[in-house]
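Residue numbers start at 1 and run along the sequence shown.
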Amino acid sequence: MFTPIRFLLLTGSVSLWSATILAGAQNAGSPVDVVGTVVDAACYMMHPGAAKGANHDECGQACALAGVPLGVAGEVGKQLYLSDTAGTKLLLPHLHQRVRVSGYAVKRSQPLALEIPVGDGNKMSVRVDGGYLALTVARVEVVK
């Protein structure tokens with residue numbers, strides 16, 4: 001999936017994930033219909049099992065509100081689709097729910113760092129070097 005992923009605990013000022021990382025995905029790429037679970041992307045990459053459960057709601061919401069993107073852990077192919085800022089707002093009410101998302105996916109090959117605020121003046125960074133799928137969300141529906 002995403003290998004290698006490096007985890008770094010950094011000190012310094014809190015910096016938020018930038019929407020410009022996924023810029024250009026808007027209405028570009030291939031149309032997709034993804035069925036999967038809405039997850040906090042950074043935590044999902046660190047500990048997938050724990051990040052999918054309802055016991056992770058508070059952390060996932062805090063990360064999303066701090067600028068960390070939500071994603072959809074797709075059931076087919078076990079791929080993680082990272083949403084842009086607008087998509088994260090659409091996905092947030094469905095955190096940890098099984099959904100069908102319609103939109104556009106673009107394969108990105110440049111490295112990506114997701115930064116998570118940790119306490120006062122600290123952050124944790126998850127780096128993806130192997131490429132990722134940027135998702136522009138057009139529609140979200142809950143599926144059973």
Side-chain angles (χ1 to χ4, degrees), residues 1-10 12 14-119 122-144:
M1 184 154 94
F2 294 100
T3 56
I5 298 175
R6 297 182 198 140
F7 307 100
L8 304 170
L9 185 59
L10 306 172
V14 174
S15 75
L16 303 179
W17 172 74
S18 172
T20 60
I21 292 172
L22 297 178
Q26 188 80 16
N27 294 325
S30 303
V32 293
D33 254 350
V34 180
V35 175
T37 303
V38 177
V39 296
D40 164 5
C43 288
Y44 179 78
M45 286 188 277
M46 287 189 287
H47 45 87
K52 283 178 112 174
N55 60 343
H56 188 259
D57 278 347
E58 188 175 323
C59 179
Q61 288 178 11
C63 284
L65 294 173
V68 176
L70 293 179
V72 178
E75 294 174 356
V76 175
K78 304 293 183 192
Q79 295 185 337
L80 178 63
Y81 295 80
L82 298 176
S83 66
D84 57 12
T85 304
T88 290
K89 289 178 184 174
L90 293 172
L91 293 171
L92 186 56
H94 307 291
L95 185 61
H96 303 121
Q97 294 179 356
R98 186 171 183 251
V99 295
R100 174 177 286 111
V101 176
S102 300
Y104 298 89
V106 176
K107 175 75 173 160
R108 300 283 187 212
S109 58
Q110 68 270 28
L112 171 69
L114 302 176
E115 296 178 345
I116 309 152
V118 180
N122 294 314
K123 62 184 173 181
M124 185 182 311
S125 179
V126 178
R127 183 176 164 98
V128 179
D129 287 324
Y132 61 96
L133 292 164
L135 178 64
T136 300
V137 178
R139 187 177 57 118
V140 180
E141 67 179 279
V142 176
V143 294
K144 300 291 177 188

Verdict with reasoning, L95 to D57, per side-chain contact (heavy atoms from CB on, under 4.5 Å):
CA-CA 7 Å; L95 185 61; D57 278 347; 4.3 Å; yes

Please assess L80 against Y132 for the test side-chain contact (heavy atoms from CB on, under 4.5 Å), listing each intermediate value before the final yes or no.
CA-CA 7 Å; L80 178 63; Y132 61 96; over 6 Å; no

If you look only at distance, which donor and acceptor atoms sit under 3.5 Å apart when one is on a side chain in residues 62-75 and the other is two or more places apart or in another chain?
{"unit_1": "E75", "atom_1": "OE1", "unit_2": "R98", "atom_2": "NH2", "d": "3.0"}
{"unit_1": "E75", "atom_1": "OE2", "unit_2": "R98", "atom_2": "NE", "d": "2.5"}

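Residues V126 and A42 share a closest heavy-atom pair of CG2-O, 4.0 Å. In terms of heavy-atom proximity, L90 sits nearest to H94 at O-CD2, 3.4 Å. Contact record, G130 with K107: O-NZ, 3.9 Å, taken as the closest heavy-atom pair. Summarising the geometry of D40 relative to C59, their closest heavy-atom pair is OD2-O, 4.3 Å, with the distance given to 0.1 Å. Considering all non-hydrogen atoms of both residues, S83 and T88 come closest at OG-OG1, 2.7 Å.
Annotation: E58, atom CD; neighbour count of heavy atoms from other residues, nucleotides and ligands within 6.0 Å does not exceed 12.
Distance OH/Y81 to CG/L133: 5.5 Å, rounded to 0.5 Å. Rounded to the nearest 0.5 Å, atoms SG (C43) and CG (L114) are 10.0 Å apart. Distance check, rounded to the nearest 0.5 Å: CG of L91 to CD of Q97 gives 10.5 Å.
None of L135, L112, V128 except one satisfies the side chain to side chain contact (heavy atoms under 4.5 Å, CB included) rule with L82; the exception is L112.
Among residues two or more places apart in sequence or in another chain, the side-chain hydrogen bond (donor to acceptor under 3.5 Å, both in side chains) test is passed with Q61 by none.
V35 places a side-chain heavy atom less than 4.5 Å from the side chain of V143.
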